[in-house]
Number of protein chains: 2
Amino acid sequence: MIMNAATLEAPVTFTRQLPVRDIRVAAPLKTQCSACHLKELCLPCGMTGDDVVRLDGLLFGRRKVKLGQPLYHEGDRFQYIYAVRSGTFKSSLTLQDGRDQVTGFHMAGELMGLDGVAQGHHASGATALEDAEICAIPYEHLNELSAAHSNMHHLVSRLMSREIVREHSLMMLLGSMNAEERLAAFLLNLSQRMKARGYSASEFHLRMSRAEIGSYLGMKLETVSRTFSAFQQRGLLEVDKRHIRILDLAGLSRALDMRIH
Amino acid sequence: MIMNAATLEAPVTFTRQLPVRDIRVAAPLKTQCSACHLKELCLPCGMTGDDVVRLDGLLFGRRKVKLGQPLYHEGDRFQYIYAVRSGTFKSSLTLQDGRDQVTGFHMAGELMGLDGVAQGHHASGATALEDAEICAIPYEHLNELSAAHSNMHHLVSRLMSREIVREHSLMMLLGSMNAEERLAAFLLNLSQRMKARGYSASEFHLRMSRAEIGSYLGMKLETVSRTFSAFQQRGLLEVDKRHIRILDLAGLSRALDMRIH
DNA sequence: CGTCTTTTTGAATACTGTCAATTTAAGTGG
DNA sequence: CCACTTAAATTGACAGTATTCAAAAAGACG
């Protein structure tokens, strides 16, 4: 069965209070991962039934974040790992000269903040690109829980490794693709992620600006805009500001394969 | 006291056999991390005295790898995390069209293979850029050990997070710097790493070709070569093939700060 | 309704890539 | 030991792509 947008927004049962002092976590409640509609995509991803049940011992808070609001800043003390419940976020870091570089976009079920484990503070900040809701998972508590169940122990490691692999593919994108290939790769990736969440794979709304896409893909906003126009003229897409309709998915994919020389 | 090249090559005491079946790990022996001259840089990095002693329970094999030989291939089953004892490696992955993209260079004390945790097989391959020696740490065994000592449990997580942070900075390099800034950043990074290993920070030998540097930095080998020449003409460097001498470290750093506009 | 932000598009410039030739170094084998 | 082959690095000339600067159009928001 394919999930739709409504399913993703469905209410979840909350049962117990979590004693979290951080004022930014406004709704400290307990939810069960096994009951969550995002369990296939989120933290429990790849876990067997037994392990997911053990995950239910995990306490975490929930919080709403409005469009444009930061969830955490670069340099903040690392305390929580965040899972997106609804909405979209960008991760970004500020360069010496003040501009910021977008390092990722995050949709429902995806995790943020794993880069904070290394230094004890967040290496990048996260900002909501639309009204959103997150689960804040206390990192220490997650560790205590996994210490008790040794085979759950790999959980965080696997998730981090996944992040490393994700960044590898971004590196090869930035290192060896031209503007059209980058945007095609970006759109195809978005399309897949929308599909995995029960949305249409061919028609969706971009939550990020041209400048943010450009920052992520290593190109200027004008080049992003021009490339969108070029795809439209070739009949691959219909673009109306942030509304995207993919007309020729195979054609877009070919824009990537063409990179053979 | 500053370590020199000879110190890095110093012999280490081996005491017991490790039952590893993988034929590629030719010298399965036990070494103690606490006795290793690389302990400040390698796996035990940032650990307290007590924890380092616990790490001595860790069993791992050693292996020599000759110039040009692969340590592991992309797609190989993930079984070990590798620590460089001596020599230099590159990590790379093969694109659809057959070319490969370099994702990192690894020097003594640095870890490789962490990207394999996610999928159970290596997402990138590693190749020796000079005759080298490594420690092969069985990942499962590392987990067992850290399950017994709960505060050692963060070890791998921290190391992976460090890798994520490292890739962040490479992303911003690829996403927002021009050729000169990229090469300057690369050389300054190398210089720091050489210094941390007791070598000269201003004069060293590159173990990678122009093409490999280019692949890593997202530029063509000709551009790498031209940029080296430009730096030399400006009196920042002396370049003779792979031998580098940094004449004006501050000037090179300025090449990065110049990126203010 | 006006202001501000985002997006699109054009024209000129700057930068990097491509192709090609040359030099240098490192092996290889007679 | 020398001629030969192969690989790596440098350099020039030119083409192609992305950036910069500038202007206009289209929404979004109060």
Margin query: Under 4.0 Å, heavy atoms only, any strand: does A/Ser209 hit a base, just the sugar-phosphate, or nothing?
Written below: sugar-phosphate
Next item on the list: Between C/dT7, C/dT16, D/dT20, spot the one nearest the side chain of A/Ser225, thanks.
Entry: C/dT7
Next item on the list: Could you check which of C/dT8, D/dA18, C/dT16 has an atom nearest any side-chain atom of B/Thr223?
Entry: C/dT16
Notebook entry, point to check: Is any side-chain nitrogen or oxygen of A/Lys241 closer than 4.0 Å to OP1 or OP2 of C/dT6?
Noted result: no
Notebook entry, point to check: CD of A/Glu181 to CG of A/Leu217: how many Å apart, nearest 0.5 Å?
Noted result: 12.0 Å
Item checked: Nearest-angstrom distance from the residue atom CD of B/Glu222 to P of C/dC15 -> 18 Å
Next item on the list: Using distance alone, with no hydrogens and no angle criterion, decide if A/Asn178 and A/Arg182 have a side-chain donor and acceptor under 3.5 Å apart.
Entry: no
Notebook entry, point to check: In whole Å, what is the span from the CG atom of B/Leu174 to the P atom of C/dC15?
Noted result: 19 Å
Item checked: Options D/dA13, D/dT19, C/dT7, nucleotide nearest the side-chain atoms of A/Met219 -> D/dT19
Next item on the list: Please tell me which of the listed nucleotides, D/dT19, D/dA9, C/dT8, lies nearest to the side chain of B/Arg242?
Entry: D/dA9
Note to self: Tell me the interatomic distance from B/Leu221, atom CG, to C/dA20, atom P, rounded to whole angstroms.
What the structure shows: 15 Å
Margin query: What is the distance, to the nearest angstrom, from the CE atom on A/Met177 to the C1' atom on C/dT16?
Written below: 18 Å
Note to self: In this structure, how many angstroms lie between the C1' atom of D/dC29 and the NZ atom of A/Lys66, rounded?
What the structure shows: 16 Å
Checklist line | Side-chain donor/acceptor of B/Arg226 to base of D/dG12, under 3.5 Å | finding: yes
Check: B/Leu67 CG to D/dA7 C1': how many Å, rounded?
Finding: 13 Å
Checklist line | Donor on one side chain, acceptor on other, A/Glu203 and A/His243, under 3.5 Å | finding: yes
Notebook entry, point to check: In terms of the nearest nucleotide of DNA chain D, which residue is placed more toward the 5' end: A/Asp240 or A/Gly218?
Noted result: A/Gly218
Note to self: Before we go on, tell me: are the rings of A/Phe105 and A/Phe89 under 6.0 Å apart, centre to centre?
What the structure shows: no
Notebook entry, point to check: In whole angstrom, what separates B/Leu217's CG from C/dT16's C1'?
Noted result: 14 Å
Item checked: d(CG, A/Asn178; C1', C/dG17) in whole Å -> 12 Å
Notebook entry, point to check: For the base of C/dT9, is there a side-chain donor-acceptor partner from A/Arg210 under 3.5 Å away?
Noted result: no
Notebook entry, point to check: How long is the gap from OG on A/Ser91 to NE2 on A/His122, to the nearest 0.5 Å?
Noted result: 10.0 Å
Margin query: What's the closest nucleotide to the side chain of A/Ser229 if the choices are C/dT16, C/dT8, C/dG17?
Written below: C/dT8
